[in-house]
There are 2 protein chains.
Amino acid sequence: MRTTALISNTRAAHRDHDHERCRTAALAQARGLCLDRRVRLTPSREAVLRLIWDSHCPVGAYSLLERLEAEQGHRILPPTVYRALEFLLAQRLIHRIPSRNAFIGCPFPEVPHHNLFLLCRHCGAVAECCAGPLDQAIAATAARAGFSVTDHNLEIEGLCRQCQ
Amino acid sequence: MRTTALISNTRAAHRDHDHERCRTAALAQARGLCLDRRVRLTPSREAVLRLIWDSHCPVGAYSLLERLEAEQGHRILPPTVYRALEFLLAQRLIHRIPSRNAFIGCPFPEVPHHNLFLLCRHCGAVAECCAGPLDQAIAATAARAGFSVTDHNLEIEGLCRQCQ
DNA sequence: AAATGAAATGTTATCACATAACGTTTTTGC
DNA sequence: GCAAAAACGTTATGTGATAACATTTCATTT
Ligand SMILES: [Zn+2]
Ligand SMILES: [Zn+2]
Ligand SMILES: [Zn+2]
Ligand SMILES: [Zn+2]
């Protein structure tokens with residue numbers, strides 16, 4: 001039986017782990033990626049990305065705002081946060097999870113992929129997968145309805161390994 | 001080659017058709033279903049359902065509100081609309097599409113299913129599918145990550161047959 | 001028919017999420 | 001240094017959703 005392409009961060013997101021390593025790795029990757037792309041990971045953008053990587057749970061814009069205020073000791077306004085989020089989304093360093101109105105760091109920012117999230121109803125952590133075969137199955141199903149796919153968003157709800 | 005279970009309303013939603021039949025059928029089915037379940041499809045609930053079935057495009061709560069006001073000739077307040085939506089969601093007569101903050105009528109309210117939408121970027125119409133095999137593929141992918149699925153929401157974006 | 005409790009609705013207020021518009025500062029390429 | 005572009009600050013507003021409580025309507029029992 002052949003293994004199929006499934007990349008996932010579920011072992012980190014949905015287990016006890018040294019999360020500081022997740023964050024450090026994500027930030028290092030983000031810096032390198034922004035250098036390559038000649039875009040600027042400014043201090044406020046990096047601060048937002050770092051806060052998003054505080055956990056594997058999606059975080060809302062106003063929660064980020066409060067935490068930025070606490071961190072920087074002065075008032076922050078919504079456009080500041082949303083502009084940073086807009087940049088991070090454009091660089092695919094984070095994703096927005098529509099059902100949660102919240103944002104989460106992408107573990108595979110350099111791999112083109114569609115949204116595929118595993119949302120644990122108990123602990124709240126969200127893991128992300130890149131599953132080529134599933135993407136193909138989705139495209140095939142759409143094709144049978146005469147529909148050509150440009151993108152998709154799949155949010156799977158349930159219980160992670162730890163919480164079952 | 002065997003056919004697999006794929007139920008879809010794409011032929012109606014994504015083509016020219018006699019939409020009055022869609023609406024009439026949906027309302028008739030809703031009435032019967034509510035009778036069976038001993039729940040009340042009150043006038044305001046039915047009015048919201050009828051407005052939702054004005055088209056195959058998802059419609060926001062405040063748009064419904066305005067159209068209700070126009071129809072009934074007096075002021076309507078948000079909780080009125082949201083309570084009707086809450087009822088219709090509970091009876092699975094409509095779905096909420098998270099990426100749109102909007103609602104759409106369910107063509108298969110009696111068939112248990114997960115959310116699977118085909119959203120056309122050009123015309124805005126949304127078709128719904130029930131695709132057992134795809135549901136299984138999703139559950140299998142999740143299982144490989146040690147995740148047990150209770151529900152999922154899949155929003156496929158692209159171009160419908162008409163708009164390609 | 002009257003009493004009663006449950007369900008539905010009306011009403012006020014507020015919360016949560018997101019962006020438009022415009023002015024100022026910082027950065028970058030020349 | 002200068003000009004253009006990018007990023008950021010600030011004010012205001014738009015959009016989606018719900019909490020809390022009063023009132024009305026409905027179904028059931030007596
Ligand atoms: Zn990702
Ligand atoms: Zn969990
Ligand atoms: Zn449905
Ligand atoms: Zn279309």
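Because only heavy atoms are used, hydrogens play no part in the values below, and waters and symmetry mates are left out as well, while side chains stay in.
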Check: B:Phe103 and B:His95: aromatic ring centres closer than 6.0 Å?
Finding: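 Between B:His95 and B:Phe103, which both carry aromatic rings, the centre distance is not below 6.0 Å.
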Atom [atom1] of [X] to atom [atom2] of [N]: distance rounded to whole Å?
X: B:Tyr82; N: C:dT9; atom1: OH; atom2: C1'; answer: 17 Å
X: A:Tyr62; N: D:dA17; atom1: OH; atom2: P; answer: 15 Å
X: A:Leu41; N: D:dC8; atom1: CG; atom2: C1'; answer: 15 Å
X: B:Leu65; N: C:dG10; atom1: CG; atom2: P; answer: 12 Å
X: B:Asn101; N: C:dT19; atom1: CG; atom2: C1'; answer: 14 Å
X: A:Gln72; N: D:dC8; atom1: CD; atom2: P; answer: 11 Å
X: B:Phe87; N: C:dA6; atom1: CZ; atom2: C1'; answer: 15 Å
X: B:Glu86; N: C:dA7; atom1: CD; atom2: C1'; answer: 13 Å

(message) Between the side chains of B:Arg23 and B:Glu20, is the shortest nitrogen-to-carboxylate-oxygen separation below 4.0 Å, so that they form an ion pair?
(response)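 B:Arg23 and B:Glu20: salt-bridged.
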(request) Look at the side chain of B:Arg83 against the base of C:dG10 and say whether a donor-acceptor pair falls under 3.5 Å; ignore hydrogens and angles. (result)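 Yes, a donor-acceptor pair under 3.5 Å.
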| Of all the nucleotides listed (C:dA18, D:dG16, C:dT12), which has the minimum atom distance to the side chain of A:Arg96? |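 Of C:dA18, D:dG16, C:dT12, C:dA18 is nearest to the side chain of A:Arg96.
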Discussion item. Counting only side-chain heavy atoms from C-beta out, which of C:dT11, D:dT11, C:dA18 sits nearest to B:Thr80?
Written reply: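 Output: C:dT11.
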Practice item. State, yes or no, whether a side-chain contact exists between A:Leu119 and A:Arg100 at a heavy-atom distance under 4.5 Å. Key: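 Result yes, sub-4.5 Å side-chain heavy-atom pair found.
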With heavy-atom distances below 4.5 Å as the criterion, would you say the side chains of A:Thr10 and A:Glu128 are in contact?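 A:Thr10 vs A:Glu128: side chains apart.
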With a non-hydrogen cut-off below 4.0 angstrom, is [X] in contact with a base, only sugar-phosphate, or nothing?
X: A:Arg45; result: sugar-phosphate
X: A:Arg40; result: sugar-phosphate
X: A:Arg38; result: nothing

Quiz item: OP1, OP2 of D:dC8 versus side-chain N and O of A:Ser44: anything below 4.0 Å?
Solution: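 For D:dC8, OP1 or OP2 has a side-chain N or O of A:Ser44 closer than 4.0 Å.
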When you compare the side chains of A:Thr150 and B:Arg121, does any donor N or O come within less than 3.5 Å of an acceptor on the partner?
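Looking only at side-chain atoms, B:Arg121 and A:Thr150 do form a donor-acceptor pair, the distance falling under 3.5 Å.
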